[in-house]
Structures are given as structure tokens and as C-alpha cells.
Amino acid sequence: MSNVERNPDVAVLEPGEPCSDVEVLTPRDVPLGGPRAMPVARTLPQRKRSLVGSWCFLDHYGPDDVSVTGGMSVPRHPHTGLATVSWLFSGEIDHLDSGGNAARVVPGELNLMIAGRGITHQEISTDQTRILHGVQLWYALPDATRFSENHFAHYVPEPVSPAPGVSARVFIGSLAGSASPVDTRTPDLLGAELTLEAGASVTLEARRDFEYAVLAESGDARVNGTAIAHRELAYVPTGSDSLTIAVEDAARVILLGGVPFAEQIVMWWNFVGRTHDEVAEFRRRYQAEMGFEPGESPDPLFGDFPSGQPDALPAPRPAERAAAPARVRNNDHGNC
């Protein structure tokens, strides 16, 4: 998925100061592609908190009637220095990328695209889709792997039951005796879908070196006693031995976690880099390779693409370099 904002902020993301409380993050609404602009609720990144582990982007969309919203229609666009995670609850999306991968994203199955040094892809909901509902996640790659070759992985996690009335599908990392085999090329990470019956609760063993986030995907929930409303994200800092999630009405949550990302990153539009100049060069090379602006790219980053597809998405105008760029911190790694 692309960040389709025409004036995306530059975010400089780095470790921050200690914090000990569960923090509730509210989303902002962003239109996403299509003739009638399907809305998404974005909880990462934001000025209050930008990273959870190496997770740096969380869009939550649907359930959307595609006859009203137009569904998802995000033409070819670039990524560098990150990986995208597609996870659906309903509907189907066709993925096509310049690494030679064509895949259909369906509910309950992980599609992971590691951009590495550079890739382009498109995502378009299928004609058969009537209701589209899911999350799109990105995580940042560390300096050791961010210039590696791109890669695509598909995985279908089996459900496990960590408590009565609770089911979990672990698509990245390990939890409750279930382990994903997917190599993320980033420090230890967790991604899982949990569904809870009405009145259910679950206490999960937590890694003390992990920070966690819980998205209230389909309804209200409580995380370590803190209430979160539908579409809000609860952040739990490092130092906790356990994580308790409870609901009154049946609900689904997305659980994310990871070792705090130790590197400062600069994220603008669909690029992750380390400096403003590096991101500006990614943009220049993409615009030149797509023919949007004059220029040369003797060692193409973004690859060839099959013919007969919609036109590529041009990059927004370059962000102004601020004298003192606003800093969004990878929040406060306190202890619970």
C-alpha cells in the first residue's frame, strides 16, 4: 500500500525518553486511492509515537462497501528500506511487484514484501470483492539489511487457542506456542491477530525487551486494564512480563511487538532512509526511472514492471528541508 498523501510530512524517528504507562493513540483519517477515495484510519506514524519495535506504519481500513468507496486501487509505487505486511479480514487484493511476484491477498494469509534497496508494486482489490477490510503494516529495515535484495513471502498461520474463547493467528514472530517461519530481516518482531468471544480475556507471556501495541480492530477492548475504543491503538512499553487483553463484546485485535528500533530513520512518502538527502535521492531516482522528471539512474533501483498495467503513481513534490526538522520519537521506552 502507498502513502497517497500529496503533502506527506517528513518524520525523523529515533529512540525517546522513558515512559511507564499504557498509552492510547487515536487514529487520523486518510483517503486512499480509488475514484471515491476509500478511507483508512492511520495510527502509525504520528507525532506522539512513530515506532513500535520496527513497526513504523499502520493503516486500518474497512469494512468498506467497494460499490460506495471504490475499493483499493493503488497503482505502481515505490518502497525503499522497509517491508510491507498485508493482512485481510474480508475481500481480496491482487499484488504485483517489480521483483516478479504476483499474488492474491486473501483473509488469514500473510503476504510480506521486503523492499530492501528498492521495489515497486501495485495493489488493486479484485472485481469479486464486495466488502474490503484489513490492515496494512510497514516495518523499517535496519542498516544491516536495508540495501539487500527485495523478497516476497507468503505464509498461512494455523490458529491456536491461548485461552478459552480466544483464538490467535501469529503471522510474524512467535506467541502462545505458535511460531512463524518468515524471515523478516529486522530485529525480533511480533504480529498476530487475536479474536475474543464476548467476555473473554487472555494473559499472554510478554518479552521484557519488547514494546507492544494492540489495535482495537473491530470493537472496544482493555489492555492491561486500560480501555481502548474501536480503531485506537494501545502502546505498552518494555519491561512487562505479561500482557492482558479483555473484551466485553466479541472483538478482534491486532497485536504488534518488537525490540525497540535502535536506529534513527527518516520516512517520507513511501521511502525509509537515514537522511533527508538520501530520501531526496530515492525520490529523484524513482521520478527519473518512471519518466516523470528528467534525470539518470544508471543502476535502476525500482525494476521492470509488466506491461498493460495502470500508470505508475508520481511522487509528491519534495518536502522542504526544515532548519530544525520536527522529531517524532520512538517513544519513551519505560518499564511497566
Side-chain angles (χ1 to χ4, degrees), residues 13 16-29 40-61 85 87 89 134-139 162-163 166-173 175-176 189-261 328-336:
L13 318 180
E17 299 301 322
C19 167
S20 60
D21 296 328
V22 174
E23 181 180 15
V24 178
L25 305 177
T26 57
R28 63 187 179 98
D29 293 332
V40 302
R42 183 167 297 163
T43 46
L44 289 177
Q46 56 177 271
R47 293 194 178 277
K48 194 174 182 180
R49 180 169 300 282
S50 49
L51 291 159
V52 177
S54 56
W55 297 108
C56 61
F57 184 93
L58 196 171
D59 269 1
H60 177 210
Y61 53 91
V85 171
W87 187 259
F89 311 117
V135 292
Q136 180 76 12
L137 305 158
W138 301 351
Y139 63 80
V166 180
S167 177
R169 294 180 185 269
V170 182
F171 48 85
I172 284 180
L175 180 76
L189 206 60
L190 171 66
E193 173 194 314
L194 279 71
T195 55
L196 294 88
E197 297 177 1
S201 68
V202 59
T203 297
L204 300 163
E205 182 179 350
R207 280 183 49 169
R208 292 183 62 83
D209 60 339
F210 265 36
E211 51 190 355
Y212 292 92
V214 180
L215 174 70
E217 193 286 309
S218 65
D220 300 347
R222 299 187 75 85
V223 178
N224 285 358
T226 297
I228 53 172
H230 180 217
R231 298 192 191 279
E232 289 184 334
L233 189 72
Y235 169 81
V236 181
T238 58
S240 181
D241 291 314
S242 63
L243 185 69
T244 298
I245 302 169
V247 300
E248 292 185 5
D249 299 323
R252 176 170 47 221
V253 303
I254 294 294
L255 172 60
L256 305 176
V259 176
F261 199 67
V328 184
R329 297 186 180 272
N330 174 21
N331 215 4
D332 320 321
H333 308 315
N335 291 330
C336 289

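- P237 places none of its side-chain heavy atoms less than 4.5 Å from the side chain of E211.
- The CG atom of L233 sits 11.0 Å away from atom NE2 of H60, with the distance rounded to the nearest 0.5 Å.
- The two residues G219 and A216 come nearest to each other via the heavy atoms O-CB, 3.2 Å.
- No option in V52, V214, V22 other than V22 meets the side chain to side chain contact (heavy atoms under 4.5 Å, CB included) test with V236.
- Contact check for R42 versus P27: no side-chain heavy atoms found under the 4.5 Å cut-off.
- Between V85 and I172, the closest side-chain pair of non-hydrogen atoms falls below 4.5 Å.
- A distance of 11.5 Å separates CG of L196 from CG of D249, quoted to the nearest 0.5 Å.
- In this structure, CD1 on I228 lies 7.0 Å from CG on L215, to the nearest 0.5 angstrom.
- When atom types are taken as modelled, the side chain of Y212 and the backbone of R207 share a donor-acceptor pair closer than 3.5 angstrom.
- Considering every non-hydrogen atom in both A229 and D220, the closest pair reads CA-OD1, 3.3 Å.
- Taking the side chain as every heavy atom from C-beta outward, L44 and C56 never approach each other to under 4.5 Å.
- H230 places a side-chain N or O within donor-acceptor distance of the main-chain N or O of E217, the cut-off being under 3.5 Å.
- T238 and D209 make their closest contact through CG2-O, 3.7 Å (heavy atoms, listed as atom of the first residue, atom of the second, distance).
- Rounding to the nearest 0.5 Å places OG of S240 at 7.5 Å from CZ of R208.
- Here the closest non-hydrogen pair linking L243 and A206 is N-CB, 4.3 Å.
- For the residue pair T203 / T244, a side-chain donor-acceptor distance below 3.5 Å is found, with atom types taken as modelled.
- Within the 4.5 Å cutoff, the side chain of S201 has no heavy atoms near those of the I245 side chain.
- Put simply, the side chain of D59 never gets that close to the backbone of V40: no donor and acceptor are under 3.5 Å apart.
- Scanning all heavy atoms of the two residues, the minimum distance from E197 to V247 falls at O-CG2, 3.4 Å.
- Proximity of F261 to L189: side-chain heavy atoms (C-beta onward) are nowhere separated by under 4.5 Å.
- At a threshold of 4.5 Å between non-hydrogen side-chain atoms, the residues L190 and L175 count as touching.
- Distance check: R28 CZ to R231 CZ gives 15.0 Å after rounding to the nearest 0.5 Å.
- In this structure, L51 and Y139 have side chains that are not in contact, with every pair of non-hydrogen atoms separated by 4.5 Å or more.
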Kindly indicate, with the supporting measurements, whether the criterion side chain to side chain contact (heavy atoms under 4.5 Å, CB included) is fulfilled by L137 and F171. CA-CA 12 Å; L137 305 158; F171 48 85; 4.3 Å; yes
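- When every heavy atom of T195 is checked against every heavy atom of E193, the shortest pair comes out as CG2-OE2, 3.6 Å.
- Ring-plane geometry between W138 and F57 is classed as parallel, the angle between the planes falling under 30 degrees on a 0 to 90 degree scale with a further cut at 60.
- The closest donor-acceptor contact from the side chain of S218 to the backbone of R252 lies under 3.5 Å.
- Note that CZ of F210 is 11.0 Å distant from CG of L256, once rounded to the nearest 0.5 Å.
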